[in-house]
**Student:** 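Mind looking over this structure? Questions follow.
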Amino acid sequence: MLAPFSAPPASPAPPVHRRGAVRRAAATLLTGLLTAGVLGTGVLTAAPAAAEEDGAPQVQGGAAATLGGLKIYGTAVVHADGGDQEVAAGLFEMSVDGGGTLQTYGVDLHAPTQRDARYHEMPWSGTSLGANKDAGRIRWILQHSYPQVNDLAALARQAGAQGLTEQDAAAGTQVAVWRFSDHADVEAADPQAEKLADYLVGSARKMPEPQASLVLDPPAVSGHPGERIGPVTVHTNAGGVTVTPPVDAAISGVRIVDAAGRAVTSAADGSRLYVEVPADAADGSAELTVQASTTVPVGRALVSDSRSQTQILAGSSESTVSAAASAAWAEQGAIPALSAARNCTEGALEITAVNRGDEEFVFELMGVRHSIAAGASRAVTVPLQEDQPYDFSVSGPHGFRQRFAGVLDCRTQSSDSGLTAQTLSEPSPATAGLASDGTDLAETGGSAVTPLIAGVAIGLVLIGGTVLLLLRGRSTASRG
């Protein structure tokens, strides 16, 4: 059983180091220039102008949630070349779309969190955990500590501590996670919490990555009218899932069926689903959606496309999870189906392209022409820089258009970069002034608008310099 979510009110955010804010502001400016097409020819500049009209980008299935903030925490001390710094360490809380609550720990010590950031489940391979040989040990820690173990007296005895409060248990567990996720020199400020951290690190054993709470594989299929297009396999830890047919199924005649052609409204782990399209159907597409209520497995990674710190799941109430798969069909010509997954080992986005048509499917990506023969499939690797946002679409015949968007976040921000640790707590309010404990947010750099102000300032300096150069050139021309 999970510990009840009886979190005390969150304290104001401790200080955040200025240099980290300036670095993020510079990165924000650079991203803005890339998006505008000012610098080079990155992935973003290759995106069609109409990409924003394509709707939501394709995402993995599972839980989708909103970060509520750091709820149960203590203090830790990070030892780095630039000196020691105190940071908040403990449990975050998220609210799940459709109902449910998640408890998580951070797995990127030096990255900030953003208030109300949107998160979704992601395989380890799409995060910094994918290339971390100690990721399995982190899962062991989560399985054997708070909140999965909510008998704090028993946990204290195992750790050799004199006693543990919820704050001590959360802080000690987070410190142990950081030692493996970031390989950081960090210790809990409270002696009892530090004993717990030492015990967890010393006892941790490798465990396999947990399966997704709910996912459909593959997330995109294609075929001809008159066929059962698929199969799409359900993978879930839920006892059963609800299958929702396409919104216009009653008009189009498109049905979700099993291999025998029987209509399906519910399914289970391992079920193989098909999209049955009438033989006289016009070229088109439809979406198959499944939903369930279950607990999200401990150790699942959760990522945000807004550069908010990657999280790893420590506890879950009964929560709503969902997944979707698209199906496209056409009478003749190329009939593509595309899906994508982040590959942090390669530092790239891997696009799987399948063509179930009778003609070659040709598309261009980042200035490179790709072709998929009729009846064939192919993986296309799109290399990306760390922390680089991507948002592009692939177009095809019959009005086909698939959008891919996100941020490649594959590495933790190591203290070797010269940065001191960022504070892992509820992001500071955007308004300047004093926090409730008297901390001067303007003085400490704890305001959430600091990166934005710095980015705008740098942008204005660049724009101002350009204007001066233009005016100077114009003045010189006039004098000539």
Side-chain angles (χ1 to χ4, degrees), residues 34-37 41-61 64 120 216-225 227 229-230 232 244-249 251-252 254 275 277 281-289 305 322-342 348-382 384 388-408:
L34 283 171
T35 304
T41 55
V43 173
L44 292 178
T45 59
E52 289 297 329
E53 300 175 2
D54 297 341
Q58 186 183 70
V59 296
Q60 300 273 348
H120 55 86
L216 293 177
D217 181 36
V221 291
S222 61
H224 295 89
E227 296 179 344
I229 302 174
V232 174
T244 303
V247 292
D248 61 346
I251 300 174
S252 65
V254 175
V275 179
V277 182
D283 297 352
S285 62
E287 186 173 77
L288 156 66
T289 305
D305 290 332
S322 61
S326 62
W329 59 87
E331 185 65 34
Q332 58 185 3
I335 315 174
L338 272 68
S339 59
R342 299 176 194 177
L349 187 71
E350 296 251 341
I351 297 178
T352 300
V354 178
N355 179 14
R356 295 301 180 212
D358 50 23
E359 293 181 8
E360 183 183 45
F361 171 48
V362 179
F363 64 97
E364 187 172 295
L365 192 60
M366 293 184 68
V368 179
R369 184 179 181 273
H370 302 277
S371 63
I372 313 298
S377 62
R378 179 184 168 194
V380 177
T381 300
V382 182
L384 297 169
Q388 179 181 351
Y390 57 89
D391 191 341
F392 55 88
S393 297
V394 175
S395 300
H398 321 295
F400 175 85
R401 196 172 182 86
Q402 178 65 61
R403 179 186 175 195
F404 302 98
V407 176
L408 191 74

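Predicted model, so just to flag it, every value in this text is computed and none were measured. Computed over heavy atoms, backbone and side chain alike; hydrogens, waters and symmetry mates excluded.
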**Student:** Any side-chain heavy-atom pair from Val394 and Phe361 closer than 4.5 angstrom?
**Tutor:**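 Result yes, sub-4.5 Å side-chain heavy-atom pair found.
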**Student:** What are the two closest non-hydrogen atoms of Ser222 and Ile335, and how far apart are they?
**Tutor:** OG-O, 2.9 Å
**Student:** If the condition is side-chain contact (heavy atoms from CB on, under 4.5 Å), which residues does Asp217 pass it with, not counting sequence neighbours?
**Tutor:** His235
**Student:** Report the residues that fulfil side-chain contact (heavy atoms from CB on, under 4.5 Å) with Glu331, sequence neighbours left out, ordered by chain and then residue number.
**Tutor:**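 Per chain and number, Glu331 pairs via side-chain contact (heavy atoms from CB on, under 4.5 Å) with Pro225, Asp283.
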**Student:** Is a donor on one side and an acceptor on the other found under 3.5 Å between the side chain of Asp358 and the backbone of Gly333?
**Tutor:** yes
**Student:** Is the ring pair Phe404/Phe392 parallel, tilted or perpendicular, if the boundaries are 30 and 60 degrees?
**Tutor:** tilted
**Student:** Minimum heavy-atom separation for Leu288 and Leu216, please, with both atom names.
**Tutor:**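 Looking at all heavy atoms of both residues, the shortest contact is O-CD1, 4.1 Å.
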**Student:** Restricting to side-chain contact (heavy atoms from CB on, under 4.5 Å), what partner residues turn up for Ser322, sequence neighbours left out?
**Tutor:** Gln291
**Student:** Nearest 0.5 angstrom please: Gln402 CD to Ser339 OG, how far?
**Tutor:**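 With rounding to 0.5 Å, CD (Gln402) is 8.5 Å from OG (Ser339).
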**Student:** Give, for atom CG of Asp305 and atom NE2 of His120, the distance between the pair rounded to the nearest 0.5 Å.
**Tutor:** 4.0 Å
**Student:** With the side chain counted from C-beta on, respond yes when Val277 and Ile229 share a heavy-atom pair under 4.5 Å apart, and no when they do not.
**Tutor:** yes
**Student:** Specify the closest pair of heavy atoms between His224 and Trp329, including all atoms of both residues, with the distance to one decimal.
**Tutor:** C-CB, 4.2 Å
**Student:** Can Gln388 and Val407 be said to form a side-chain contact (heavy atoms from CB on, under 4.5 Å), step by step?
**Tutor:** CA-CA 6 Å; Gln388 179 181 351; Val407 176; over 6 Å; no
**Student:** Verify side-chain contact (heavy atoms from CB on, under 4.5 Å) between Val254 and Val275, making sure each step is shown before the conclusion.
**Tutor:** CA-CA 7 Å; Val254 175; Val275 179; 3.5 Å; yes
**Student:** Locate the shortest heavy-atom distance separating Ala334 from Pro397; write the atom from each residue and the value.
**Tutor:**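 Heavy-atom minimum between the residues: O-CG, 3.3 Å.
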**Student:** With the side chain counted from C-beta on, respond yes when Leu338 and Phe400 share a heavy-atom pair under 4.5 Å apart, and no when they do not.
**Tutor:**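 Side chain of Leu338 against side chain of Phe400, heavy atoms only: contact under 4.5 Å found.
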**Student:** Are Ser395 and Arg401 close enough that a side-chain donor and a side-chain acceptor fall under 3.5 Å?
**Tutor:**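 Yes.
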**Student:** For Ala341, enumerate each residue passing the side-chain contact (heavy atoms from CB on, under 4.5 Å) test, keeping only those at least two apart in sequence or located in another chain.
**Tutor:** Gln60
**Student:** Under 3.5 Å, sequence neighbours excluded: what are the donor-acceptor pairs made by side chains of residues 364-381?
**Tutor:**
{"from": "Ser371", "atom 1": "OG", "to": "Glu360", "atom 2": "OE2", "distance (Å)": "3.3"}
{"from": "Arg378", "atom 1": "NH1", "to": "Ser371", "atom 2": "O", "distance (Å)": "3.4"}
{"from": "Thr381", "atom 1": "OG1", "to": "Glu350", "atom 2": "OE2", "distance (Å)": "3.3"}

